[in-house]
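A quick note: this is a predicted structure, and the numbers were derived from the prediction, not measured.
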Protein chains: 2
Amino acid sequence: MKLPPLVQAFVLHFGEMGSRWGINRTVGQIYALLYIAPEPLCADDMVEQLGFSRSNVSIGLKELQSWNLVRLLHRPDDRRDFYTTPDDIWQIVRTLVEERKKREVDPTLSILRELLMQTPGTAEERHAQDRMREMHELIELLCGWYDDVRRMETERLVQLLSMGAKVQKILEMKDRLFTLPGGRRTEKEG
Amino acid sequence: MKLPPLVQAFVLHFGEMGSRWGINRTVGQIYALLYIAPEPLCADDMVEQLGFSRSNVSIGLKELQSWNLVRLLHRPDDRRDFYTTPDDIWQIVRTLVEERKKREVDPTLSILRELLMQTPGTAEERHAQDRMREMHELIELLCGWYDDVRRMETERLVQLLSMGAKVQKILEMKDRLFTLPGGRRTEKEG
DNA sequence: TACATCTTTCAGAAATTTCTGAAACTAGAG
DNA sequence: CTCTAGTTTCAGAAATTTCTGAAAGATGTA
């Protein structure tokens with residue numbers, strides 16, 4: 001691996017973290033390299049800089065493509081494929097979350113739905129189903145929220161995130177505004 | 001494996017998803033079983049119901065304990081350890097997020113901080129560092145938000161999540177309230 | 001057509017992770 | 001102290017994942 005020390009440390013870290021993030025070392029390193037590279041890279045650049053075999057890099061790139069995490073581009077008079085990550089890091093995060101949801105959440109959601117359709121035979125099954133229902137509701141709530149948030153413009157999103165718990169203050173204010181003197185809420189609120 | 005079909009399907013699913021979630025099959029199945037079991041279980045119950053070896057279950061339970069995901073409890077006149085998950089599923093989610101952050105985000109944050117302290121030698125390193133800085137800022141923003149949110153009471157949290165993008169409406173309202181006629185913001189905002 | 005350049009596939013080697021059974025360990029009861 | 005009922009550890013077997021080199025495929029050029 002021939003990289004400036006700073007870059008190398010970054011790339012190696014992403015390789016190590018790869019396994020914790022459910023991708024492998026090669027894929028982690030390739031992505032890290034693409035992310036910090038000032039220019040698009042071709043597969044052979046990666047082979048040279050990371051020291052993996054050509055085929056390993058090829059498979060890693062396929063994997064990244066299946067995650068929609070890289071852009072493929074070409075240069076005039078050059079048959080090679082060049083790869084980059086989006087310049088906008090928020091775009092990267094959005095894609096990452098979207099894909100992880102697709103792989104890590106959606107299958108569970110659909111199994112839960114399926115199992116909740118069934119009629120429980122025993123008390124044990126009934127209890128199991130209650131527990132699954134709780135889980136299903138929670139995941140649906142989170143997904144609903146996510147589905148709203150992902151449509152927000154980045155600027156708004158940043159604004160919201162920066163506020164953190166201050167949103168709560170606003171909610172409390174809203175509650176005061178819309179709550180009748182006796183403590184009950186107005187009809188519109190729920 | 002001797003379990004009611006409904007329970008079995010659930011448990012098997014969590015086993016399969018285990019690898020995508022960075023835990024293994026055994027751990028996934030054990031947790032699923034504990035989650036839907038109406039009563040606390042001891043290790044031998046799990047051996048019987050899941051068909052793993054005793055030692056495998058033991059290691060799986062240790063792993064779950066290291067994630068703070070199970071509670072250990074004892075019965076009078078019984079030396080065995082019994083295990084459960086918290087009744088409150090929100091508590092489970094909170095723990096899960098906390099632990100994943102600890103393992104999947106914090107190490108990256110600290111490497112980034114470290115690398116950003118260094119003085120870049122070349123233009124390439126300078127560019128790499130800029131890119132790392134973007135990443136660092138984004139992660140800090142998310143962590144700051146998370147740090148606020150995790151302290152919220154569950155009821156408030158649910159309220160917030162249910163609102164989804166409606167929060168945006170409130171923000172816009174707030175903007176209107178605090179924005180001077182000319183379009184500039186008041187000093188307090190920003 | 002033959003050739004050059006680049007990419008992909010794939011069988012098997014290498015490495016890593018998971019799982020098991022046997023042995024070691026722990027702590028209360030007699 | 002010894003027995004018993006439990007838990008943990010650990011070396012190696014089994015399974016899975018990752019990685020490689022060689023071969024095949026694709027595509028543009030002469």
Atom-to-atom span, CG of B/Asn56 to C1' of D/dA13 - whole angstrom: 13 Å
Provide, to the nearest angstrom, the distance between the CD atom belonging to B/Glu63 and the P atom belonging to D/dT8. 14 Å
Length of the line joining A/Ile59:CD1 and D/dT18:P, which is rounded to integer Å: 11 Å
For B/Ser19, report the nucleic acid contact type (base, sugar-phosphate, nothing); a contact means any heavy atom under 4.0 Å. nothing
A/Arg131 and A/Glu134 ion-paired at < 4.0 Å: yes
Quiz item: cation-pi between B/Arg71 and B/Tyr83, 6.0 Å / 45°: no
List the steps and the verdict of side chain to side chain donor-acceptor pair (under 3.5 Å) for B/Arg126 and B/Gln129. CA-CA 5 Å; B/Arg126 198 148 43 248; B/Gln129 233 181 22; over 6 Å; no
Remember a base hit wins even if backbone is also touched, and classify A/Arg80 as base, sugar-phosphate or nothing at under 4.0 Å, heavy atoms. sugar-phosphate
Between C1' on D/dA15 and CZ on B/Phe52, what's the gap in Å once rounded to a whole number? 13 Å
Ignoring hydrogens and angles, does a donor from either the side chain of A/Ser55 or the base of D/dG21 sit under 3.5 Å from an acceptor on the other? yes
Quick one: is A/Arg25 getting a side-chain N or O under 4.0 Å of the D/dT17 phosphate, OP1 or OP2? no
Rounded to the Å, how far apart are B/Asp81 CG and C/dA27 P? 12 Å
Expressed in angstrom and rounded to an integer, what is the separation of B/Leu61 atom CG from C/dC19 atom C1'? 15 Å
How many Å lie between OH on B/Tyr83 and P on D/dT8, as a whole number? 5 Å
Check ion pair B/Asp106-B/Arg103 (N to O, under 4.0 angstrom): no
Can you measure B/Arg79 atom CZ to C/dT26 atom C1' for me and round it to whole angstrom units? 9 Å
Respond yes when some side-chain nitrogen or oxygen of A/Ser58 is under 4.0 Å from OP1 or OP2 of C/dT8, and no when none is. yes
Kindly point out which of D/dT7, C/dT20, C/dT7 is positioned nearest to the side chain of A/Ala43? C/dT7
Heavy atoms only, 4.0 Å cut-off, all strands: where does B/Arg54 land among base, sugar-phosphate and nothing? base
Counting the atoms with a prime plus P, OP1 and OP2 as sugar-phosphate, which does A/Asn24 contact under 4.0 Å by heavy atoms, base, sugar-phosphate, or nothing? sugar-phosphate
Please determine whether a side-chain nitrogen or oxygen atom of A/Lys62 lies at a distance below 4.0 Å from atom OP1 or OP2 of C/dT7. no
Nearest heavy atoms of B/Leu33 and B/Gln49, plus distance in Å: CD1-OE1, 3.7 Å
